[in-house]
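A short write-up of the structure that comes next.
First the proteins, then the strands, lettered A, B, ... as listed; each starts at 1.
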Amino acid sequence: MKHFFLLSLSIVLAGEAVLAQRSFTATYDLTRKVTLEGPISKIDWVNPRAFLFMNVRDPQGGVANWAIEFGNPLELEKNGWKSSSLKVGDIITVQAVQARTDPRQASATSVTLKSSGRRLFVTPPAPTRPRAAAAPRWPNGHVRLGPPAGGKGHWGTPSTRVLVENSAAKVQMNDDGLLANLADINKVAPFKPWARAVYEFRQRAFLKDDPIGRCLPPGGPRQFQMTNGFQFIEQPELGRILVLLGGGNRNWRIIYTDGRPAIQPSEAVASYYGTSVGKWEGDALVVDSVGFNEKFWISNGGLPHTEALHLIERFSRPDMDTLKYEVTIDDPRAYTRQWTAAWTVQWVPDADLQEYFCEENADPAFHRLEEK
Amino acid sequence: MSRRVLFVLLIFAVSGLAQEGHPLTGTWTGDWGVGNGPRTHLTFVMSWDGDDKITGVINPGPDSMAMQNIVVNFANWTVRIDAEAKDAAGKAVRVQAEGKLENMGSPRRQLAGAWRQGGVTGDFKVTRAQ
């Protein structure tokens, strides 16, 4: 055991790839489509990524065991699917995109049960929402950023998952922040030369070095663009607001609203979420944050920053179902000037944030390791 | 300890090294030497001041060498460092390191290339340690 530990540690410290949770873009190549048919050998209905394993016969008569990723089980359950929707031995047809590195890994775009022809794990169309009610308020008149009194819910899907300067012309990216056209780099943000070079390097590498892939937190604006949403817990009696993050290892962040002055960067201990002080300006909560470490990316897509990062965030709630988020990014070591971005986030009523951890199960190689 | 638990611990072990800001910022360790001859330990400490200047020191301590000029070519990630050492007699000796950043996306990225000190030319390699 000791030898195994030392060997493993030395491999990791030598900078070898860590089996963790890379972004979809870093893991899969959308241009490599494949259709597979065969019986299921194993189902791992595990958060955050469900996998099934199937035996596929090749033209030469051999059998290869493929790992097929098919979604987040919590999302699948919300849509009515269960772990029992499939069972070991079922013969399925899978259309998928192949992984960039593992030749026997793919992400399903459709799963069909051969015996019935039924397509599984389909997302139902979103229900039509009635016109949103007015934003809930506290007795002192401030907008409530969390649920109405006696209710529950959380913030869910953002209107965009990428961070681009507001004034930028249309820039096409996928949800992981990968640019459709590298020639658009200069439209994303006002980079200093080194920051532009780092951003381009990350884009050319298909975001494979994303710190989230090493289970590090999504600090900065990125925390409001993750898939599992977030929640505000307002505690006016304690002079603070907690931000509970559904997409970052159940992290939380504290925004102090007790009237304390903004922290000087030189006084702050560098951290993933910084040190935040907020105050109300009309119906907007304005939050000033400094004290960030350099261990994370502030966006899907790999925008860099330094410890000089200073964020000014404005949170407002124009109606019950909409949170408006505006951020000014002030990092004179990485960008030539301050710049802003904004998006909205949709309210998810009558629901709690689900458990989400960045875990080893995101990589099928780990399941195979377990079987040895 | 199960392999699953060990695996998670290993992920967090490497996470502590992360540095996603300016790629040269941090402490780097390694050595330089000529061919298969003896190697001399190196520690680089570099930081980015935000005004288009990288500052640093080699082997901080009594025998430190101030980095006088650090130039990065972002097109190919090559780096040139000029510094000044002192020989046993206290006489200034010019040092120049010209290398290339490798494994750029890794917390333990490396800088390796040619090392010139006085009239001697060898090779060097340093790895970002924290």
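Stacking of A:Arg100 on the aromatic ring of A:Phe206 is recorded, both the 6.0 Å distance cut-off and the 45° axial limit being met.
Atom-to-atom distance recorded for A:Thr306:OG1 and A:Asn293:CG is 11.5 Å, nearest 0.5 angstrom. To the nearest 0.5 Å, the span separating CD on A:Gln203 from OG1 on A:Thr25 amounts to 9.0 Å.
If you check the side chains of B:Arg128 and B:Gln110, you find no donor sitting under 3.5 Å from an acceptor.
Residue-level contacts of residues 35-49 of chain B with chain A, in order of numbering, are B:Trp48, B:Asp49; threshold 4.5 Å between heavy atoms. Contacts with chain A (heavy atom to heavy atom, under 4.5 Å) involve these residues of residues 67-78 of chain B, listed by number: B:Phe74, B:Trp77. At a heavy-atom cut-off of under 4.5 Å, chain A is reached by no residue from residues 88-96 of chain B.
For an aromatic pair to be called close, the ring centres must be under 6.0 Å apart, and A:Phe292 with A:His310 fails this.
Of the charged side-chain nitrogens involved, at least one lies within less than 4.0 Å of a carboxylate oxygen, so that B:Arg80 and B:Asp82 count as a salt-bridged pair. Between B:Arg116 and B:Glu98 there is a salt bridge, since a side-chain N of the basic residue sits under 4.0 Å from a carboxylate O of the acidic one.
What you find for B:Leu24 and B:Trp28 is that their closest heavy atoms are O-NE1, 2.9 Å. The heavy-atom pair separating A:Lys295 from A:Pro211 by the smallest distance is O-CB, 3.7 Å.
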Query raised in the report: Can you check side chain to side chain donor-acceptor pair (under 3.5 Å) on A:Glu165 and A:Trp339, steps first, answer last?
Result: CA-CA 6 Å; A:Glu165 184 174 22; A:Trp339 56 284; over 6 Å; no

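Residues A:Asn300 and A:Gln225 meet the side-chain proximity criterion, which asks for heavy atoms closer than 4.5 Å. Between A:Glu294 and B:His22 there is no side-chain heavy-atom pair separated by less than 4.5 Å.
When heavy atoms are compared at a cutoff of 4.5 Å, A:Pro332 approaches chain B solely by way of its backbone atoms N, CA, C and O. With a 4.5 angstrom heavy-atom cutoff, A:Arg196 does not touch chain B via any of its atoms.
Within a 6.0 Å sphere centred on NZ of A:Lys192, heavy atoms belonging to other residues, nucleotides or ligands number more than 12.
Applying the ring pair (Phe, Tyr, Trp, His ring centres under 6.0 Å) criterion to A:Phe191, with sequence neighbours excluded, gives A:Tyr199, A:Tyr335.
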